[in-house]
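Reckoned from all heavy atoms, side chains included, excluding hydrogens, waters and symmetry mates. Note that the structure is predicted; figures quoted are calculated from it, not measured. Chain naming here is simple, since letters A, B, ... match the order of the sequence lines and numbering starts at 1 in each.
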Amino acid sequence: MSDTHDDHGHSHGHHHSGSELSEVELRVRALESLLTEKGYLDPAALDEIIDVYENRIGPRNGARVVARAWTDPDYKSRLLEDATAAIADLGYTGRQGEHMVVRENTPEVHNMVVCTLCSCYPWPVLGLPPVWYKSAPYRSRAVIDPRGVLGEFGVTLGAGVEVRVWDSTSEMRYLVLPLRPEGTEGWSADQLADIVTRDSMIGTGIVAAPSGAKS
Amino acid sequence: MNGAQDMGGMQCMGPVEAEANEPVFHGAWERRVLAVTLAMGAFGRWNIDMARFSREDTPAADYLRRSYYETWLYGLEKLLVEKDFVGRDEIEAALKGGHAERTAEPALTAKTVLPVLAKGSSARVDKEVTPRFATGDRVRVWNRHPTGHTRAPRYVRGHTGVIDRDHGVFIFPDSHARDGNQNPQHLYSVRFAATELWGPEAAASDKVYVDLWDDYLERLEAAP
């Protein structure tokens, strides 16, 4: 509990003064102490939860799912048919990923995921969401101006590409299967997983062709 | 509730600013808020829809000003008081350095964290319910403005879409948030043309897919 200064880099258009942040910190500490004293909390359980989400679950999981789908056509079919089961085959299950849906990008269709009402996100495959995903600019504009938002991520789509935005209003959780870049023929699943980005699985990025690849 | 959380389609929020190499948490207190929220949720005295409503049921200006984990913190405080874990007076006393007696045992221990997280909590209900709609049906989203929790965003209400897929039978969030009543019913992925939602300036090819429950939908004539 040592971070007392405001180094958030939060990007939603407001500032935290140092005293405001301290106020929040004090509330959190007081609440945790109270709940621990009353016996509701096991401090070791809290440390375990934090370790899971800070160090063990993250977008590398999703990247392995994508790489497997790129290299194994049978797996890809199962992934698109029953994503929850196919993702569980790789060991990724549970909280905020109980009901998974995978949508495939093609040269004609680009998929993009948002939660306009809160911050729903597929934790077992992507970890906890980044601040921008939970922020008002993304949540408000992804549905009305997806191409403008994509432009802010440096993604420009041709007019011939259909954009499909998936608003996560229920407990279904969405993962985008991005396009496999040219120049990766013959790569192993491990090599491919290394180039799959988090944003490409949300649909706000594309997986770039490796540098030096023939085009 | 027509609150600040229902922001799909607003245009006054500024550009999306992604932080390069963003850490999972921005400060130790965010870690604690996440962990305490999950550990207290494990008691099962509230469900996910009640938790969402506790966060959105707040003055709009506060909702927009607060960071994500601040919103979680204030929502958690409300739930803890409502569900009789602690009194407001106890929270205030703790803020002044007061202490409390041990009266309970944890729901979640270090050993049970991994299995509990890996299992999750299914919102699917194993019950036969007749779907009112089939894939390809044209539907209109109801024009209702409930003051409690709801998952039909304002930007689709009154608009026409097509049933793209039936996800099966799921807990209905509106009643679940109110009193825990699951009111199980079919959940559909509904496809809307961007031009239906946003007018002729939207790209003619683009679509928005929204997951909507049976109760939110009204039937229109079959697609030609």
Honestly, the part of B/Thr150 sitting under 4.5 Å from a heavy atom of chain A is backbone
More than 12 heavy atoms of other residues, nucleotides or ligands under 6.0 Å from CZ of B/Arg88: is that the case? yes
If one checks every heavy atom of A/Leu46 against chain B at 4.5 Å, the contacting part turns out to be both
B/Met13 and A/Pro137 have their tightest heavy-atom pair at O-CG, 3.0 Å
Practice task
Give the C-alpha distance, both sets of side-chain angles, the deciding distance and a yes or no for side-chain contact (heavy atoms from CB on, under 4.5 Å) between A/Arg56 and B/Leu114.
Solution key: CA-CA 11 Å; A/Arg56 290 185 246 163; B/Leu114 272 185; 3.6 Å; yes
- prompt: Considering only heavy atoms from C-beta outward, does the side chain of A/Ile49 approach that of B/Leu108 to under 4.5 Å?
  reply: yes
Greatest number of non-hydrogen atom pairs under 4.5 angstrom with chain B, of A/Gly39, A/Gly91, A/Gly94, falls to A/Gly39
If one checks every heavy atom of B/Phe192 against chain A at 4.5 Å, the contacting part turns out to be neither
When you measure from the side chain of A/Asp42 to the backbone N and O of B/Ala110, does any donor-acceptor pair fall under 3.5 Å?
yes
Of B/Thr112, B/Thr103, B/Leu212, the largest count of non-hydrogen pairs under 4.5 angstrom with chain A goes to B/Thr103
Rounded to the nearest 0.5 angstrom, the CD-OH distance for B/Glu17 and A/Tyr138 is 15.5 Å
Honestly, the part of A/Val143 sitting under 4.5 Å from a heavy atom of chain B is both
Highest number of heavy-atom pairs under 4.5 Å with chain A among B/Gln11, B/Lys111, B/Arg124 belongs to B/Arg124
Turns out that what part of B/Gln5 lies under 4.5 Å from chain A's heavy atoms comes down to both
Taken to the nearest 0.5 Å, the spacing of A/Leu34 CG from B/Glu92 CD works out to 11.0 Å
Comparing B/Trp213, B/Tyr155, B/Tyr69, B/Phe170 against chain A, the one with the most heavy-atom pairs below 4.5 Å turns out to be B/Tyr155
Okay, A/Tyr53 and chain B: the region with an atom under 4.5 Å from a heavy atom over there is both
Okay, A/Glu54 and chain B: the region with an atom under 4.5 Å from a heavy atom over there is both
Handout entry: A/Val101 vs B/Arg165 side-chain heavy atoms within contact, under 4.5 Å
Key = yes
From the list B/Phe85, B/Phe25, B/Tyr74, the residue making the most non-hydrogen contacts under 4.5 Å with chain A is B/Phe85
Of the listed B/Cys12, B/Ser122, B/Gly168, B/Ser189, the one with the largest count of heavy-atom pairs under 4.5 Å with chain A is B/Ser122
Turns out that what part of A/Glu98 lies under 4.5 Å from chain B's heavy atoms comes down to side chain
Please determine whether the number of non-hydrogen atoms from other residues, nucleotides or ligands lying under 6.0 Å from atom CG of B/Asp89 exceeds 12. yes
Counting heavy-atom pairs under 4.5 Å with chain A, the top scorer among B/Leu117, B/Leu95, B/Val36, B/Val208 is B/Leu117
Applying a strict 4.5 Å limit to non-hydrogen atoms, the region of B/Ala202 in contact with chain A is neither
Filtered by a 4.5 Å non-hydrogen cutoff, the part of residues 47-60 of chain B contacting chain A is B/Ile48, B/Asp49, B/Arg52
Applying a strict 4.5 Å limit to non-hydrogen atoms, the region of B/His99 in contact with chain A is both
Looking only at A/Gln96, A/Met112, A/His110, A/Arg95, most heavy-atom pairs under 4.5 Å shared with chain B are made by A/Arg95
Looking only at A/Pro130, A/Gly160, A/Ala45, most heavy-atom pairs under 4.5 Å shared with chain B are made by A/Ala45
| said: Please tell me whether A/Tyr40 and B/Phe43 form a close aromatic pair, meaning their ring centres lie under 6.0 Å apart. | reply: yes
Okay, B/Thr71 and chain A: the region with an atom under 4.5 Å from a heavy atom over there is neither
Bottom line for B/Val24: the part with an atom under 4.5 Å from chain A's heavy atoms is side chain
When the 4.5 angstrom heavy-atom criterion is applied to A/Leu117 and chain B, the contacting part is both
When the 4.5 angstrom heavy-atom criterion is applied to B/Leu197 and chain A, the contacting part is neither
Worksheet entry | Side-chain (A/Glu152) to main-chain (B/Pro15) donor-acceptor, under 3.5 angstrom | no
Turns out that what part of A/Thr93 lies under 4.5 Å from chain B's heavy atoms comes down to both
Whatever's closer than 4.5 Å to a heavy atom in chain B on A/Arg147 counts as side chain
Cut-off 4.5 Å, heavy atoms of chain A, and the answer for B/Ala118 is both
To the nearest 0.5 Å, atom CG of B/Asp6 lies from atom OG of A/Ser140 at 11.5 Å
Under 4.5 Å between any side-chain heavy atoms of A/His99 and B/Asp211, yes or no? no
Ionic contact status for A/Glu48 with B/Arg31, cut-off 4.0 Å:
no
Whatever's closer than 4.5 Å to a heavy atom in chain A on B/Leu80 counts as side chain
*Do B/Arg32 and A/Ile50 have side chains that get closer than 4.5 Å, going by heavy atoms?*
yes
Value for CD (A/Glu162) from CG (B/Asp206), rounded to nearest 0.5 Å, stands at 7.0 Å
Item to check | Side-chain touch B/Ile91/A/Leu31, heavy atoms, less than 4.5 angstrom | outcome: yes
If one checks every heavy atom of A/Ser168 against chain B at 4.5 Å, the contacting part turns out to be backbone
Heavy-atom nearest pair, A/Lys38 first then B/Ala100, reads CG-CB, 3.7 Å
CG (A/Leu41) and OG1 (B/Thr109) are apart, to the nearest 0.5 Å, by 12.0 Å
Taken in chain and number order and not counting sequence neighbours, the residues that satisfy side-chain hydrogen bond (donor to acceptor under 3.5 Å, both in side chains) with B/Tyr188 are B/Asp214
Whether B/Arg151 side chain and A/Thr169 backbone form a donor-acceptor pair below 3.5 Å:
yes
Turns out that what part of A/Leu35 lies under 4.5 Å from chain B's heavy atoms comes down to side chain
Interatomic distance, CD@B/Glu201 vs CG@A/Asp145, rounded to 0.5 Å, equals 11.0 Å
Hey, what's the ring geometry for B/His167 with A/Tyr174, parallel, tilted or perpendicular (30° and 60° as the breaks)?
perpendicular
Heavy atoms of A/Glu171 and B/Ala123 approach each other most closely as CG-CB, 3.4 Å
The interface call for A/Phe153 against chain B, heavy-atom contacts under 4.5 Å, is side chain
Okay, B/Phe172 and chain A: the region with an atom under 4.5 Å from a heavy atom over there is neither
